[in-house]
Protein chains: 2
Amino acid sequence: MKKITIKQLAAELGVSISTVSKSLHNSPEISQETREKVQAFAKLYNYRPNNIALSLKNKKTKTIGVIIPEVVHHFFAMVVRGVEQVAMERGYNVLISLSNESFEKEVINMETFADSLIGGFILSLSKETLKKQDYHHINQTIEQGMPVVLFDRTVPEINCDKVIVNDEQGAQLATQHLLDQNRKNILLITTEDYISVGRLRTQGYVKALQQAGISLDNGLIIKTEDTQRSDIILPILEDELRTTLKAYPQIDAIFAVNEIYAAAAMRVIREFNLRVPDDISLICFTDGVISKYATPPLTTVNQHGTQIGIEAANLLIDRIEGENSEVKPLTKVVACEIVKRHST
Amino acid sequence: MKKITIKQLAAELGVSISTVSKSLHNSPEISQETREKVQAFAKLYNYRPNNIALSLKNKKTKTIGVIIPEVVHHFFAMVVRGVEQVAMERGYNVLISLSNESFEKEVINMETFADSLIGGFILSLSKETLKKQDYHHINQTIEQGMPVVLFDRTVPEINCDKVIVNDEQGAQLATQHLLDQNRKNILLITTEDYISVGRLRTQGYVKALQQAGISLDNGLIIKTEDTQRSDIILPILEDELRTTLKAYPQIDAIFAVNEIYAAAAMRVIREFNLRVPDDISLICFTDGVISKYATPPLTTVNQHGTQIGIEAANLLIDRIEGENSEVKPLTKVVACEIVKRHST
DNA sequence: TACTAACACTATAACGTTTTCGCATTGTTT
DNA sequence: AAACAATGCGAAAACGTTATAGTGTTAGTA
């Protein structure tokens, strides 16, 4: 049984299209009797309005689009969860689409979405976009009046609502946590600076050391090229770790900016027959499954992904509904929190 | 700058709507000169056609919808990756939506999608749906002529293309792998039987034992209630594990039907001061991040999620494009493979 | 009786496209 | 010179819906 339209219903019932439409909307213009008849028929034929036609007419949909760089990333999954939550509460639907860290896919996704299947965007920039520093597709979308909320990986060149993690504070917290346990020689595993979160986390680390009056040793900072292919990057990182651990036997703690790096660190630590946390404390960003189910479970910096999703969705829906159309772009900062487990 | 329409372009240029449309499509009906002028203007005003209007007209979109129960699940993430891959190749867009293992959300998602934003579905049933055994929303969608491909969590009551993991074979392989290493007392951690994959994996385990001439001991099978909330279920599981390990000190291998259960097993094994793989071999389904980054890295059963996504997308797009509209529903089976690491 | 008001419904425009058909204005053939 | 084809463009329908502005019938009022 194919989908039925109002027109077909009208023909079947011998009334006009208008009458059917109004009956279905319970317009008082139509007699009780007709309304009931129409509604009964509609139910019988399993009528449901064609959303495309509705969108075309109303020029807006109750759908919000989320573009994230990856699905496998726990943090993004959590953000999506938060977005879903408030979307459901406020009567919106969520569609997700992946950029796979690619600039081109990000542009394509924006375009398909922007052709107004969507009332607004929530997105986190792909690594490639950050590297290219090309934001025309996003600014263009914003100029066309489409509300956009950026989260986590944001950039000052784009003028819109933003929800960011307080990466610097989180890193400071993590470093402080290690310092509190009397660890003085803390190795930092981070990413190249063009990833803003990597840069900020490095800053937090530096700040915490400064405050503790410990002088910075650049040999204790490993910066990795942050590509997609962890199979390529990890062996390189592990090699660097080996070299550094040999060069700095006094290292008594490691702070990794993500779980994967922490897992690599863990592996090398075992190779050296050192113990976590007895010989080396280990802490990392992202409170995900790797940390949770590692042995020992890892102490982490929780970025409250769900909370970020919630804030982002509320910001976006407010814009869509024109609640704050006059207000200029807001930036919300979500604080990090240490989740203490057994690696520190 | 708001979005511009063909109508506005036409007014600006002083020609008709038809001329603009045809010029943009490079119709030979229109003179070279006019075409160039129109196209120049279109570029200038950054014109891009309104997809909604197109969909309404063409009654089909080049978009496929994927509904998965969860994002955090590594296997689903992999399937999405596969779908994305062939979709890109064949010129389709992918939209993802989450059921969060809820029947109601699944229904809502189907409805929003089915209202023809979408040319077809790829989906894996939510746990709640499997429990309720209510598939009306899916069968209804199929009846309306919308192509649907089910993957992984499928059900005979729905008559459509399917791509399934050979769970039984995978479990048999895993069990055999343990038997090959001379482990005779294999503990199985699985889910209740209403989850079809749990049931099939249990069957594979049983079959492998039979073939090896080992009699089945039901005390060596732990069945857990498979809820969303792992924080609730895991302590219970760990308790059961402790009891079983005490009752059966001869256990020399554990086969878990997912990574989380394997992680729980790992924890309890350490508690008992046993070593992996020396005292107890450990193998599990799902070749995800937990296994990959555990210490020691776990031997797993890889379900080739990406491959499943690829098969599903091809099946779906073939249907959409009517390539095989006469062919009756197909079921493709994707074999599992053991990924040997250091836990066995 | 004549006018108005209420009622119950219909016609139609509009949203942005594509496409078929039709209509001038040319140029080409006998 | 008359018929005809080719060229270049416009008008209008269609997709499914909603909303505004009619339209005709009946009933009520003065």
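Sequence lines set the chain letters: A, B, ... in the order given, protein chains first and strands last, and positions in each chain run from 1. Remember, predicted model here, so these are calculated numbers, not experimental data.
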Give every pair of a protein N or O atom and an N or O atom of nucleotides 18-24 of chain C that lie under 3.5 Å apart, one pair per line with the distance.
| from | atom 1 | to | atom 2 | distance (Å) |
| --- | --- | --- | --- | --- |
| C/dT18 | OP1 | B/His25 | NE2 | 3.0 |
| C/dT18 | OP2 | B/Ser21 | OG | 2.9 |
| C/dT20 | O4 | B/Lys22 | NZ | 3.2 |

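What separates NZ of B/Lys3 from P of C/dG16 is a distance of 10 Å, to the nearest Å. Rounded to an integer number of Å, the gap from CD1 of A/Ile30 to P of C/dC9 is 6 Å. Between A/Asn50 atom CG and D/dT17 atom C1' the separation is 8 Å, expressed in whole Å. Put simply, CG on A/Leu9 is 12 Å from P on D/dT18, counting in whole angstrom units. If you take CD1 of A/Ile52 and P of D/dT17, they are 11 Å apart, rounded to a whole angstrom. Remark: P of C/dA8 and CG of A/Asn26 are 14 Å apart, rounded to the nearest angstrom.
For CD of B/Glu157, the number of neighbouring non-hydrogen atoms (other residues, nucleotides, ligands) closer than 6.0 Å is greater than 12.
A/Thr63 and A/Asn93 form no side-chain donor-acceptor contact under 3.5 Å, judged by distance and modelled atom types alone.
Note that CE of B/Met110 is 3.0 Å distant from OG1 of B/Thr141, once rounded to the nearest 0.5 Å.
Annotation: of the two residues near DNA chain D, B/Gln32 and A/Thr5, the 5′-most nearest-nucleotide partner is B/Gln32.
One finds no salt bridge joining A/Lys132 and A/Glu106 here, because no Lys/Arg side-chain nitrogen approaches an Asp/Glu carboxylate oxygen to under 4.0 Å. Classification of B/Lys127 and B/Glu70 as a salt-bridged pair fails, no side-chain N sitting under 4.0 Å from a carboxylate O.
Residues satisfying the side-chain contact (heavy atoms from CB on, under 4.5 Å) test with B/Ile4, not counting sequence neighbours, are B/Gln8, B/Leu9, B/Tyr45, B/Tyr47. With sequence neighbours excluded, the residues that form a ring pair (Phe, Tyr, Trp, His ring centres under 6.0 Å) with B/Phe103 are B/His137. Contacts of B/Lys105 classified as salt bridge (Lys or Arg N to Asp or Glu O under 4.0 Å), with partners at least two apart in sequence or in another chain: A/Glu84.
For the contact set between residues 33-43 of chain B and DNA chain C, defined by any heavy atom under 4.0 Å, there are no members.
Judged as a salt bridge (Lys or Arg N to Asp or Glu O under 4.0 Å), not a single pair has a partner in residues 34-43 of chain B (not counting sequence neighbours).
Contact annotation: B/Ser31 side-chain N/O to D/dT7 OP1/OP2 distance is not under 4.0 Å. For A/Lys7 and D/dA14, the shortest distance from a side-chain N or O to OP1 or OP2 is not below 4.0 Å.
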